[in-house]
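The block underneath contains the structure these notes are about, expressed in structure tokens.
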Amino acid sequence: MKADRNRQKLALQGGLKAVGAMEGKGKPKIGAEEFLSVAARFGLSKKSLSQIRKIVAKEEWGVGPYFANYYSDLKETMVQAYEREARKLFGTKFAIGVSSGTGALHCAFVAAGVGPGKEVICSAIGFFATAAAVVISKGVPVFCDVDESLHMDPAKIEALITDRTVAIAVTHVMGGVANMPAIMAIARKHKLMVIEDCAQSCAASIKGRYAGTYGDIGCFSISAYKIVGGGEGGLIIMNDQRLWDRAQGMAEGGGLWRPDRFGPPRYEGELFCGTNYRMSELEAAVDVVQIRKSTAVVKRFNAVKQRVCGRLKTYREITPQKSNDVNGEVGYMLRFFPETIELGERIVTALRAEGVNCGMRGKNAPPDWHVYHDMMPLKSKAGATTPDCSFYCRQYTERGGKVRFDRGTCPVADDLFDRVITVGLNQWMSARDCQNMALGINKVLSAYCAEDQKGAAWC
Ligand SMILES: Cc1ncc(COP(=O)(O)O)c(C=O)c1O
């Protein structure tokens, strides 16, 4: 009776608490099954999985671990470790781990002030994601032609600068590097921001300095398709605190990352409506290791390319792709231009017969979103909503903006992209593999072209 009365009495007045320790026993949200699911997705054998199951059955899983950057009792989350490794590698003050390269570019363009009525000069050859990120930032991409390096031609930039231009977005293409010193000189002269898209050339360098550290912001895709990356991830690097604030604001819900996360702005313009490009802990756990390996990967690729190139003969009808830094580029592709597409077709067929993995786009090729005039959503000026702000808003049209994306706008890119022969290289090729590949290329080129001792060197 007394116990009953005590239960009825308010705890505040000395009664028993209504809710004491819970009896229900829960299971961790993320535990052995999830862990094994990851292992299964990775393709571990049934035998390995059952061995792991036995081991993890003895693990104390607690409540977590969650695969999110927040709510972790770790001293340093995997995402933070990944960002620390990136800062160390590139020597920048700031690094932000994000969920994709496209997300990185979107954050970078917003940080750089791209918006309605503003133009960004982009590389004619690269990938659609760069220009698309300009458009989703409400800006307009304007394509700059390339030179024989297949990178943005610094000599063509100034003619494209208008009073609407706010930034240059340079893409380092397929393991190569752009001529950053020349591009930076133009950008600084015209007070333009520079965003480097290093998705295809992570940890490459130009004159001893990493691609991504010349401009104001460096963006990377750290995805499975790139030379470093495990699944889907991205990275943004920069030195400027304000740019970091803005990029971080865009990547994390406008300001969720701040010490006073739901508080008012600490300075004018600090807070705006951002999105969520947060990186998962699961991805970061892989990429923190991947990024540490990046310099060794580049070194291996570069050595392979130089080993093959060093053995190649020169020919009158063949122009090797120009390199903006033979020693700093990744070089996972060997590229050259035959005089004509017809000659290129014969060379590709013969090279394949020799066992050399290669390709050329040629005439009447299907669209490829790595070249500006094939980027369908841009050609149709399509945004996710209509009428789309980027191309049809007053801020743009009333200031004279009328961009075009038709073939013919960048004639050098049009020509070279169709006729470039690309030979795939592998970082694990041995000295003999390189020798055999060079032998195959020399054999085929000698059959179809005239040797020219004075021709441009391959590397
Ligand atoms: C040059 C370039 N920029 C951006 C991206 C987009 O990266 P993600 O696929 O991680 O969004 C890619 C991906 O292929 C790329 O090649």
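Heads up: numbering here begins at 1 and tracks the sequence. Since we're looking at a predicted model, the values are computed, not measured. One-based numbering, in listed order, for ligands and for the atoms of each.
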Quiz item: Roughly how far, to the nearest 0.5 Å, is CE of M279 from CD of E83?
Solution: 8.5 Å

Exercise. Sequence neighbours left out, what passes side chain to side chain donor-acceptor pair (under 3.5 Å) with K75? Give chain and number order.
Key: none

Exercise. Say whether Y332 and N426, considering side chains only, have a donor N or O and an acceptor N or O under 3.5 Å apart.
Key: no

Quiz item: Among all residues two or more places apart in sequence or in another chain, which pass the side chain to side chain contact (heavy atoms under 4.5 Å, CB included) test with S99?
Solution: Y277

Quiz item: Does a side-chain N-to-carboxylate-O contact under 4.0 Å join D418 and R407?
Solution: yes

Identify all pairs of nitrogen or oxygen atoms, one from ligand 1 and one from the protein, separated by less than 3.5 Å, and list them with distances.
{"from": "ligand 1", "atom 1": "3 (N)", "to": "D197", "atom 2": "OD1", "distance (Å)": "3.3"}
{"from": "ligand 1", "atom 1": "3 (N)", "to": "D197", "atom 2": "OD2", "distance (Å)": "2.6"}
{"from": "ligand 1", "atom 1": "7 (O)", "to": "S221", "atom 2": "OG", "distance (Å)": "3.4"}
{"from": "ligand 1", "atom 1": "10 (O)", "to": "G101", "atom 2": "N", "distance (Å)": "2.8"}
{"from": "ligand 1", "atom 1": "10 (O)", "to": "S221", "atom 2": "OG", "distance (Å)": "2.7"}
{"from": "ligand 1", "atom 1": "11 (O)", "to": "G101", "atom 2": "N", "distance (Å)": "3.3"}
{"from": "ligand 1", "atom 1": "11 (O)", "to": "T102", "atom 2": "N", "distance (Å)": "2.9"}
{"from": "ligand 1", "atom 1": "11 (O)", "to": "T102", "atom 2": "OG1", "distance (Å)": "2.6"}
{"from": "ligand 1", "atom 1": "14 (O)", "to": "K226", "atom 2": "NZ", "distance (Å)": "2.9"}
{"from": "ligand 1", "atom 1": "16 (O)", "to": "Q200", "atom 2": "NE2", "distance (Å)": "2.9"}

Quiz item: Restricting to pairs with a member in residues 141-160, which pass ring pair (Phe, Tyr, Trp, His ring centres under 6.0 Å), not counting sequence neighbours?
Solution: F143-Y372, F143-F405

